[in-house]
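First the structure, in the form of structure tokens, and then the observations on it.
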Amino acid sequence: MFEFTGLTNDATLSVFLFVFFLLVYMITVVANVGLFIAVHKTSALHTPMYFFLSYLSVVDLFYSSVIVPKMISDLVSRRKVISFYGCALQFYFFAALASTDVHLLSNMSYDRYVAICHPLHYVSMMTKTKCFCMVLVAFSLGFLQSTAQTSCMFSLQYCGSNVINHFYCDIPPLLKLSCSDIVMCDMVIMFLIGFYGIGSLTAIMISYAFIIISILKIKSSKGRQKAFSTCSSHIICSCIFFVSVLLTYLHPPSNAINNQSKVASIFYSVMTPMLNPLVYSLRNQEVRNVIVQTFHGLCNKRI
């Protein structure tokens with residue numbers, strides 16, 4: 001049995017955070033479910049970009065649900081406890097969905113690269129079969145590396161203190177509690193995080209390097225602005241996710257987690273799943289039109 005330190009021990013602040021994060025989670029659920037339904041029910045959104053976006057919404061929904069409900073309940077609980085197997089399951093799905101999220105962001109950058117750099121071949125290059133395979137690979141790699149991380153983490157011996165200095169089961173505080181030799185596990189985890197995280201980030205950066213070169217070749221300023229606007233939502237979501245992850249895992253995993261890391265963890269585990277659908281909804285004309293049409297349809301039915 002493990003016990004979390006949580007976000008705060010201040011009773012007044014806990015109530016405020018409970019209300020705030022409950023609202024955030026409700027928005028996350030509604031926004032991601034709504035975006036998924038909108039993409040699959042609207043023929044105008046049956047394009048590769050929105051296909052990837054719909055699966056990103058699914059991942060964000062479950063990704064958030066692995067952490068946030070437990071975190072919210074712990075804010076108003078005297079003891080913030082979780083069983084050994086519950087901790088293992090939470091870590092497994094969190095690591096798997098986080099990795100899948102990263103791969104989907106990478107897939108979406110490739111989609112933007114093809115759309116802008118090879119517009120005449122976009123339809124032939126981004127077929128439904130290829131898009132489905134890319135999503136399948138993203139999920140497969142995400143759950144595969146999570147299996148390796150979880151097997152490594154929970155094959156260690158945990159003795160002495162059972163207090164996890166965090167609000168969920170994560171790598172740094174768990175390794176700190178272990179009384180086993182963590183060198184090998186440390187190396188495996190660092191390799192997996194580096195390979196999948198930095199590999200995906202590199203793929204995104206390479207895609208945007210080619211995208212920027214192509215945009216600069218466009219003669220009209222209006223054309224350059226239109227081309228860039230199709231990438232802006234993806235850039236914003238990618239930056240929020242990767243910056244917060246790097247702030248959390250930039251130090252060696254065996255080090256104790258600090259308050260800065262907790263804040264960064266809140267951004268990529270709680271806030272990002274809510275922001276992704278909102279950013280895409282607010283910055284994409286097609287999605288805004290679907291939302292407006294749906295709202296008008298509901299109003300007309302009531303009248």
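Side-chain atoms are counted along with the backbone in the values below, which use heavy atoms only and exclude waters and symmetry mates.
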Report task. Assess whether side chain to side chain donor-acceptor pair (under 3.5 Å) is satisfied between His40 and Ser54, documenting all intermediate values. Result -> CA-CA 8 Å; His40 285 269; Ser54 68; 3.3 Å; yes
**Report entry** Gap separating the CG atom of Asn276 from the CG atom of Leu56, nearest 0.5 angstrom
**Finding:** 5.0 Å
Query raised in the report: If you round to the nearest 0.5 Å, how far is CG of Leu17 from CG of Asp10?
Result: 9.0 Å
**Report entry** Residue pair His103 / Tyr196, side-chain donor-acceptor N/O under 3.5 Å
**Finding:** no
Query raised in the report: Do any N or O atoms from the side chain of Arg224 and from the backbone of Lys219 form a donor-acceptor pair under 3.5 angstrom?
Result: yes
Query - Straight-line distance of Cys152 SG to Ile182 CD1, nearest 0.5 Å - result: 9.5 Å
Requested in this report: Check whether more than 12 heavy atoms from other residues, nucleotides or ligands sit under 6.0 Å from atom CZ of Phe267, and answer yes or no.
Outcome: no
Query raised in the report: Do Phe167 and Lys70 come within less than 4.5 Å of each other through their side chains, counting heavy atoms only?
Result: no
Requested in this report: State, with a plain yes or no, whether a side-chain heavy atom of Gln90 is found less than 4.5 Å away from one of Ile82.
Outcome: yes
Query raised in the report: Is the side chain of Ser180 donor-acceptor paired with the backbone N or O of Gln157 at a distance under 3.5 Å, no angle test?
Result: yes
Query raised in the report: Are His234 and Ser109 linked by a side-chain donor-acceptor pair shorter than 3.5 Å?
Result: no
Query raised in the report: Taking a hydrophobic cluster as the set of Ile, Leu, Val, Met, Phe, Trp and Tyr residues connected by side-chain heavy atoms closer than 4.5 Å, whether directly or through intermediates, do Ile67 and Phe62 fall within one such cluster?
Result: yes
**Report entry** For Tyr268 against Phe94, the heavy-atom pair lying closest together
**Finding:** CE1-CZ, 3.3 Å
Requested in this report: Report the distance from atom CZ of Phe21 to atom OG of Ser14, rounding to the nearest 0.5 Å.
Outcome: 11.0 Å
Report task. List the steps, then state whether side chain to side chain contact (heavy atoms under 4.5 Å, CB included) holds for Ile235 with Cys239. Result -> CA-CA 6 Å; Ile235 293 172; Cys239 286; 4.1 Å; yes
Query raised in the report: Nearest 0.5 Å, what's the CZ-OG1 distance between Phe52 and Thr47?
Result: 10.0 Å
Query raised in the report: Can Thr147 and Tyr92 be said to form a side chain to side chain contact (heavy atoms under 4.5 Å, CB included), step by step?
Result: CA-CA 7 Å; Thr147 300; Tyr92 173 75; 3.4 Å; yes
Query raised in the report: Is there a side-chain contact between Phe91 and Met153 (heavy atoms, below 4.5 Å)?
Result: yes
Query raised in the report: Does Asn107 reach the main-chain N or O of Met134 with its side chain, forming a donor-acceptor pair under 3.5 Å?
Result: yes
Query raised in the report: So, do Leu174 and Cys169 sit near enough that their side-chain heavy atoms are less than 4.5 Å apart?
Result: yes
Query raised in the report: Would you say Pro273 and Tyr25 make side-chain contact, with heavy atoms under 4.5 Å?
Result: no
Query raised in the report: Between the side chains of Ser99 and Gln145, does any donor sit under 3.5 Å from an acceptor?
Result: yes
Query - Step-by-step side chain to side chain contact (heavy atoms under 4.5 Å, CB included) determination, Leu278 to Ile27 - result: CA-CA 9 Å; Leu278 294 181; Ile27 294 173; 4.2 Å; yes
Report task. Heavy atoms only: give me the nearest Asn165-Pro173 pair and the separation to one decimal. Result -> N-CB, 4.0 Å
Requested in this report: State, with a plain yes or no, whether a side-chain heavy atom of Met126 is found less than 4.5 Å away from one of Tyr110.
Outcome: yes
**Report entry** hydrophobic_cluster_shared for Ile72 and Leu13, side chain cutoff 4.5 Å
**Finding:** yes
Requested in this report: Can you see which heavy atom on Tyr158 is nearest to which on Cys179, and at what distance?
Outcome: C-SG, 4.2 Å
**Report entry** Any donor-acceptor pair under 3.5 Å from Ser178 side chain to Leu175 backbone
**Finding:** no
Query raised in the report: Any sub-3.5 Å donor-acceptor pair from Ser83's side-chain atoms to Gly86's backbone N or O?
Result: yes
Query raised in the report: In terms of heavy-atom contacts, does NZ of Lys41 have more than 12 from other residues, nucleotides or ligands at under 6.0 Å?
Result: no
Report summary line: Taken to the nearest 0.5 Å, the spacing of Ile189 CD1 from Met187 CE works out to 12.0 Å
Requested in this report: For this output row, return yes or no: ring centroids of Phe84 and Phe154 closer than 6.0 angstrom.
Outcome: yes
Report summary line: Thr100 and Gly142 have their tightest heavy-atom pair at OG1-CA, 3.8 Å
Query raised in the report: Taking the side chain as C-beta and beyond, is there a heavy-atom pair between Phe143 and Phe93 under 4.5 Å?
Result: yes
Query raised in the report: So, Asp101 side chain and Leu97 main chain: donor-acceptor pair closer than 3.5 Å or not?
Result: no
Query raised in the report: Under 3.5 Å, is there a donor-acceptor pair between the side chain of Ser65 and the main chain of Leu61?
Result: yes
Requested in this report: For the pair Thr5 (side chain) and His166 (backbone), establish whether a donor and an acceptor sit closer than 3.5 Å, ignoring hydrogens and angles.
Outcome: yes
Query raised in the report: Going hydrophobic residue to hydrophobic residue with side-chain gaps under 4.5 angstrom, can you get from Phe16 over to Val270?
Result: yes
Query raised in the report: Under 6.0 Å between the ring centres of Tyr168 and Phe4?
Result: no
Report task. Show your reasoning for whether side chain to side chain donor-acceptor pair (under 3.5 Å) applies to Asp111 and Tyr122. Result -> CA-CA 9 Å; Asp111 170 73; Tyr122 181 72; 2.6 Å; yes
Report summary line: Shortest non-hydrogen pair, Ser106 vs Ile204, comes out as CA-CG1, 3.8 Å
Query raised in the report: Cluster question for you: counting only ILVMFWY and a side-chain heavy-atom cut-off of under 4.5 Å, with indirect links fine, are Val102 and Ile198 together?
Result: no
**Report entry** Enclosure of Glu3 CD (heavy-atom neighbours >12, cutoff 6.0 Å)
**Finding:** yes
Query raised in the report: Quick one: do Val137 and Val59 end up in the same hydrophobic cluster if we chain Ile, Leu, Val, Met, Phe, Trp and Tyr together by side-chain heavy atoms under 4.5 Å apart?
Result: no
Query - Test side chain to side chain contact (heavy atoms under 4.5 Å, CB included) applied to Leu177 and Asn162, step by step - result: CA-CA 7 Å; Leu177 295 182; Asn162 68 333; 5.7 Å; no
Report task. Please tell me if the side chains of Phe139 and Tyr55 come closer than 4.5 Å, counting only heavy atoms from C-beta onward. Result -> yes
